[in-house]
There are 2 protein chains.
Amino acid sequence: MSSLPASDQRARHGLSDKLLQGDLLSADCPSREVLKHLTSRWGVLVLLALEQRTYRFLELKRQVGGVSERMLAQTLQWLQNDGLVHRRALEQVPPHVEYSLTPLGREAAVRVRELADWIEHSMPRIMAHWLGGSLPPA
Amino acid sequence: MSSLPASDQRARHGLSDKLLQGDLLSADCPSREVLKHLTSRWGVLVLLALEQRTYRFLELKRQVGGVSERMLAQTLQWLQNDGLVHRRALEQVPPHVEYSLTPLGREAAVRVRELADWIEHSMPRIMAHWLGGSLPPA
DNA sequence: CGGCATCCACAACGATACTG
DNA sequence: CAGTATCGTTGTGGATGCCG
């Protein structure tokens, strides 16, 4: 059923083509949900980590500094539901679960990485503003 | 003072070069602050809007569907402090304030737009996952 | 018109404890 | 190891009102 034309997929959600074409500036655009997952506090960092290589759950937790197991699990489920992350569970004890990016997720990760790279590259200029401006960040 | 070498700027914040080179995966990387502003719920949308043209405050509020005046003001201040947004206030009654992107902000907006464009372009594929998978997003 | 201050509801989050 | 469940806390964000 997922081989239906895109227009039919949209119709199933009761979404007009207009809403999809108009960008996410409109309040009820469904893209906002995906944007929320991608740009969530840990979503960005998870994508950056998984772009490097496949990780197991606790490996990923160690890799993404400061994340709790709860939030990591939730974030992974979001990205999994959006089709960006693939979960591979090896049936054995103790459990062994590997997370990796899907082709779709790799496409997203490229954009996220470009943003992240720009931020890191531009940090000196931005911090100069923190110093020059009136207030430190917060 | 903002003409100091980048290494000196970092030193003023007590930041090692190591922290800046290691990407934002480490918990105490200062880039996380900027990432937070850029990828905040309204930060992304404000950048997308201001990339099109200069807006006045209430214009911008109308443009960014669903944002409250409180959050719009806060978001604009974050981006302003980071040197991404320029605020121009015309001294007159009633007040007239214009917001626009700085050159730095335009650079950031390009990356944000690429991510946004990818999301909108990929929505059909992502929604196919919502349908095929077990759970709707929520 | 632009925006800050206050208040309040709710969602996000972290810590902990527990299970397959 | 890889989660889920519960709980308490913090933070986010909307509504309202006031002031330049």
Side-chain angles (χ1 to χ4, degrees), chain A residues 24-25 27-28 32-46 49-50 54-81 85-100 133-135 137-138, chain B residues 26-28 32-46 49-50 54-81 85-100 133-138:
Chain A
L24 8 109
L25 288 180
D28 43 5
R32 287 230 184 153
E33 193 63 30
V34 180
L35 182 69
K36 183 178 170 181
H37 299 161
L38 276 176
T39 63
S40 68
R41 181 168 178 196
W42 305 114
V44 175
L45 303 178
V46 165
L50 287 181
T54 294
Y55 282 102
R56 296 180 60 176
F57 186 79
L58 289 189
E59 278 181 332
L60 197 50
K61 175 187 153 112
R62 251 173 281 121
Q63 192 68 198
V64 178
V67 69
S68 66
E69 295 187 12
R70 178 174 155 36
M71 291 316 296
L72 181 56
Q74 185 171 91
T75 302
L76 284 169
Q77 282 184 15
W78 285 338
L79 298 178
Q80 205 184 326
N81 284 335
V85 161
H86 174 69
R87 179 182 186 275
R88 178 177 172 229
L90 284 65
E91 298 295 338
Q92 62 180 47
V93 283
H96 183 110
V97 182
E98 290 179 352
Y99 290 95
S100 58
S134 44
L135 296 178
Chain B
S26 66
D28 44 3
R32 286 228 184 154
E33 192 64 30
V34 180
L35 182 69
K36 184 178 169 182
H37 299 160
L38 276 177
T39 65
S40 69
R41 182 167 178 195
W42 305 114
V44 175
L45 303 177
V46 164
L50 288 181
T54 293
Y55 282 103
R56 296 181 59 177
F57 186 80
L58 288 188
E59 277 181 333
L60 196 51
K61 174 189 155 112
R62 251 174 280 120
Q63 193 67 198
V64 178
V67 69
S68 68
E69 296 186 12
R70 183 196 193 293
M71 291 316 297
L72 182 56
Q74 186 172 90
T75 302
L76 285 168
Q77 281 186 11
W78 285 338
L79 299 177
Q80 206 183 326
N81 284 336
V85 161
H86 175 68
R87 180 182 186 276
R88 178 176 173 232
L90 285 66
E91 298 296 337
Q92 61 180 47
V93 283
H96 182 112
V97 182
E98 290 180 350
Y99 290 94
S100 57
S134 45
L135 296 178

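Computed over heavy atoms, backbone and side chain alike; hydrogens, waters and symmetry mates excluded. Proteins come first, then strands; the chains are lettered A, B, ... in the order of their sequence lines, and each starts at number 1. Quick caveat: nothing in here was measured; it's all calculated off a predicted structure.
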message: Students often get this wrong, so: under 4.0 angstrom with heavy atoms, is A:Lys61 touching a base, only sugar-phosphate, or nothing?
response: nothing

query: Do you know which of B:Leu45, B:Val46, B:Leu58 makes side chain to side chain contact (heavy atoms under 4.5 Å, CB included) with B:Leu72?
result: B:Val46

- prompt: Tell me, do B:Leu50 and B:Tyr55 make a side-chain contact under 4.5 Å, heavy atoms counted?
  reply: yes

message: If I take atom CZ in residue A:Arg70 and atom P in nucleotide C:dA17, what distance separates them, rounded to the nearest angstrom?
response: 16 Å

- line: Comparing A:Tyr99 with B:Arg41, nearest DNA chain D nucleotide closer to 5' gives the residue A:Tyr99

message: Measure CZ/B:Arg88 against P/C:dG2 and give the value in whole Å, please.
response: 14 Å

Closest-nucleotide 5' rank along DNA chain C - winner of A:Ser68 and A:Pro94: A:Ser68

field: Nearest-angstrom distance from the residue atom CG of B:Leu90 to P of C:dG3
entry: 12 Å

Nearest-Å distance for atom pair OH/C1', residues B:Tyr55 and C:dG3: 21 Å

message: Quick check for you: among D:dG13, D:dG3, C:dG2, whose closest atom lies nearest to any side-chain atom of A:Val97?
response: D:dG3

Nearest-Å distance for atom pair CZ/C1', residues B:Phe57 and C:dC1: 10 Å

message: Of the listed nucleotides (D:dA2, C:dC1, D:dT12), which one gets closest to any side-chain atom of B:Arg56?
response: C:dC1

- prompt: Under 4.0 Å between a side-chain N or O of B:Lys36 and OP1 or OP2 of D:dG11?
  reply: no

field: Nucleotide C:dG20, atom C1' - distance to CD of A:Gln92 in whole Å
entry: 14 Å

- request: Enter the distance from A:Glu98:CD to A:Arg87:CZ here, rounded to the nearest 0.5 Å.
  value: 11.0 Å

- prompt: Between D:dA2, D:dT4, C:dG3, which one does the side chain of A:Ala73 approach most closely?
  reply: D:dT4

query: Looking across every strand, which nucleic acid part, if any, lies under 4.0 Å from A:Glu91 by heavy atom: base, sugar-phosphate, or nothing?
result: nothing

task: Specify the separation, in whole Å, of atom CG of B:Leu72 and atom C1' of D:dG14.
output: 13 Å

Nearest-nucleotide comparison on DNA chain D, the residue closer to the 5′ end among A:Pro95 and A:Gln77: A:Pro95

message: Parallel, tilted or perpendicular: which one describes the rings of B:Tyr99 and B:Phe57, with boundaries at 30° and 60°?
response: tilted

- prompt: In whole Å, what is the span from the CH2 atom of B:Trp78 to the P atom of D:dG11?
  reply: 12 Å

- prompt: Do the side chains of A:Met71 and A:Gln74 get nearer than 4.5 Å, heavy atoms only?
  reply: yes

message: What's A:Glu69 touching, base or sugar-phosphate or nothing? Going by heavy atoms closer than 4.0 Å.
response: base

